[in-house]
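Chain naming here is simple, since letters A, B, ... match the order of the sequence lines and numbering starts at 1 in each. Small disclaimer: the values here were computed from a predicted structure and weren't measured. Worth knowing before you read on, the calculation uses all heavy atoms, side chains too, and leaves out hydrogens, waters and symmetry mates.
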2 protein chains.
Amino acid sequence: MAKRKPTIHEVAHLAKVGIGTVSRVLNNHPSVRTETRERVLAAMSSLGYSPNPHARRVAGGRSYTISLILPVISTEFYNRLLEGIEQVLSEERYEIALFPIFSPLRLQRYLESRSLAYQTDGLLVASQGLAHLLPNQRFPTERPVVLVDAHSPRYDSAFVDNYLGGQMAAQHLAAFPGELFAIQMQEELDEVMRNTVGQERVAGFRDGLARVGRSLPDAHIFVSRFSAEGGRLALQHFMRLSRPPYNIFAGADLLALGVLEEAERQGLEIGEQVRLLGFDGHTWTEARGLSTLSQPIEEMGAEAARMLLERIRGYKGSPRARRFEPTLVVRSSTQDHTVYAD
Amino acid sequence: MAKRKPTIHEVAHLAKVGIGTVSRVLNNHPSVRTETRERVLAAMSSLGYSPNPHARRVAGGRSYTISLILPVISTEFYNRLLEGIEQVLSEERYEIALFPIFSPLRLQRYLESRSLAYQTDGLLVASQGLAHLLPNQRFPTERPVVLVDAHSPRYDSAFVDNYLGGQMAAQHLAAFPGELFAIQMQEELDEVMRNTVGQERVAGFRDGLARVGRSLPDAHIFVSRFSAEGGRLALQHFMRLSRPPYNIFAGADLLALGVLEEAERQGLEIGEQVRLLGFDGHTWTEARGLSTLSQPIEEMGAEAARMLLERIRGYKGSPRARRFEPTLVVRSSTQDHTVYAD
DNA sequence: TTTCAGGGTGGAAACGCTTTCTTGCAAAAT
DNA sequence: ATTTTGCAAGAAAGCGTTTCCACCCTGAAA
């Protein structure tokens, strides 16, 4: 029992070819006849074979695995990001090893050079404040590093312009009658987990409002942890401050969800007494009729993955920064039925 | 540039020994003379040598890595669990590869037999409903599997008795005057993410109350997502139902934190008008004076890790179940200053 | 018909280690 | 003095891959 995993030799034997040919099939080498390739692939799947990444690394210098370091907050966002990354990498038969940052301590472990995180072919880092923590702002590795949803002059990066998103929110919401409000994601207390995304979005909102002659009083900004319940508390808070209609920019779709829930509880009509704009563009927003600033999360992840692959393959240029812009998606939560001068 | 890393051969040559001896030094093999060992160590540090982990894994036939599959909810709990597991494994030169379940889709990928998760020496699975999803309730691997914070007759497991914890909460809180309330963690809608922990705790609470002749009306159970804000909403809800004092069993410390925050906002005194008992025993509860049912999370993780190591080393016995019990920690949140008959 | 090019393939060597086998040698036992 | 024991350490055989070289074809060019 406990039969060992099949090796390339067993595949070769079953397919009646040499091990060299099996290896060529594994690596998509062009000079393998289609008929041979198929026989080998059939043998592989019949044996349940998968190559040993460590042996690949020893022999060829590549393990066909990359590391993704990411925080464990805001899971829907990271889930989509992962999806985008995986899309690109799986086409190239790359695997992803995840390094979720559960705590500052755990992060420190990841940053030690002997960590498993550095034993792969490259690093994808999805954490804002992370680069700033490192000595010389560099990760302790010779292998390529690409930042995603973050920015640094040292490394390739792909990120969304959150400030711009805030401005777009301002432009959209300022057109409606009624007072303006914002819900901002609380910044983590810990330096290590620092995440300024919420700040950037609200700053853009405030500045965007200023540009059209409106101002956002500090009292109209509700700071909340990242949860739907936070959105509910925010609406309760706003209701104590003033009367409808409320024009609310929620710093994230999840916060907006709480506003929707609480509005329903309070009997406020969405699109009339409460105009609500989220941020993220998660799929469920469509069903809920929630207007939102849609981020191209998957594309951002895919682009980061592509840049990393290029680096792994030897590209040596200076760091590239790919900026993505959110898109305003208007739904019923900011489309009321009354008509006013336009 | 990029001079190649020194290998075991160069170390052996410099220290004037064979490569076998260098390897023995690396692996703390006892039969190396102290004098020889020191010569080898000196050679290593003078060359800046560090062993190639991939080569070790290929040659040794082991990956010196185990997989930990876990959900990404309730991060403090899992952080502590990880800590306990790592404690044991790092002593044995083992690394942990994490497989966080971000979504049902991602879980399905982990369960496919060709996943990276199965490229390691063993599996540690910290997810309640997971075993039930599998064909024949077995993971598609010949490697050893141990469940932690979960239970199944098929595999070794280490878990905390949540129902008992609920009963202990009942016994403690029923002694105080005033009405009784509970906050229960919402079950995930998704079958895959199913987590009955919240249910078990509240069920124990209800049954424990029944035993002493008290009952817990359904209206006194507030079901909330897992967030501090959920606790705040819960207290608001209870305040609408009845007057102080409130005796509240929060299904998790994080929910209790929200109750603390909201009580402060509402001017209710903890320990007097609000008696509050959490569940988990996280470290911050001490500073906040929160009574709680402390779970031996680290020990549970450590025990699971030990069982897995034994299996990896060839232990063949039938599945073992290790049950842990929570401990009641009484602090000021359930120690009021008034005196009544005891 | 012969020569040549080049695609397709098998197998040996290499990657950097661990592990087993073997030998050398000194101390203990006969 | 001879045999036995056991520890230390070198040599060599793997581990599961990639890569390179040599060889065999087949078909086009001469």
Query raised in the report: Looking at side-chain heavy atoms only, is the closest gap between B:Glu83 and B:Asn79 below 4.5 Å?
Result: yes
Query raised in the report: Rounded to whole angstroms, how far apart are CG on B:Asn28 and P on D:dA8?
Result: 15 Å
**Report entry** Salt-bridge contact A:Glu303-A:Arg306 (side-chain N to carboxylate O under 4.0 Å)
**Finding:** yes
**Report entry** Side-chain ion pair, B:Glu310 and B:Arg320, N-O less than 4.0 Å
**Finding:** yes
Report task. State whether A:Arg322 and A:Asp156 are salt-bridged, where the test is any N-O pair (Lys NZ or Arg NE/NH1/NH2 against Asp/Glu carboxylate O) under 4.0 Å. Result -> no
Report summary line: A:Glu35 CD to C:dT9 C1', in whole Å, measures 13 Å
**Report entry** Close side-chain approach of A:Glu299 and A:Phe324, heavy atoms under 4.5 Å
**Finding:** yes
Query - Relative orientation of the end axes in the helix from C:dT1-D:dA30 to C:dT30-D:dA1, expressed as an angle to the nearest 10° (five pairs per end) - result: 50°
Query raised in the report: Does the distance from a Lys or Arg side-chain N to an Asp or Glu carboxylate O, for A:Lys5 and B:Glu142, drop under 4.0 Å?
Result: no
Distances for protein N or O near nucleotides 25-28 of chain D N or O, under 3.5 Å:
none

Query - Rounded interatomic separation in angstrom, taking CZ from B:Arg57 and P from C:dT18 - result: 12 Å
**Report entry** Within the 6.0 Å centroid threshold, strictly below: B:Tyr155 and B:Phe139
**Finding:** yes
Report summary line: A correct 5'-to-3' footprint of nucleotides 13-20 of chain D, with B, S and - meaning base, sugar-phosphate only and no protein heavy atom under 4.0 Å, is -BBBBBBB
Query - B:Thr36 side chain near D:dA9 phosphate (N/O to OP1/OP2, under 4.0 Å) - result: yes
Query raised in the report: Is there a donor-acceptor contact under 3.5 Å linking the side chains of B:Glu76 and A:Ser103?
Result: no
Query raised in the report: Are any of the side-chain nitrogens in B:Arg39 or B:Glu35 under 4.0 Å away from the carboxylate oxygens of its partner?
Result: yes
Query - Between D:dG6 (C1') and B:Arg33 (CZ): distance, integer Å - result: 14 Å
Query raised in the report: If you draw a 6.0 Å radius around CD in B:Gln87, do more than 12 non-hydrogen atoms from other residues or ligands fall strictly inside?
Result: no
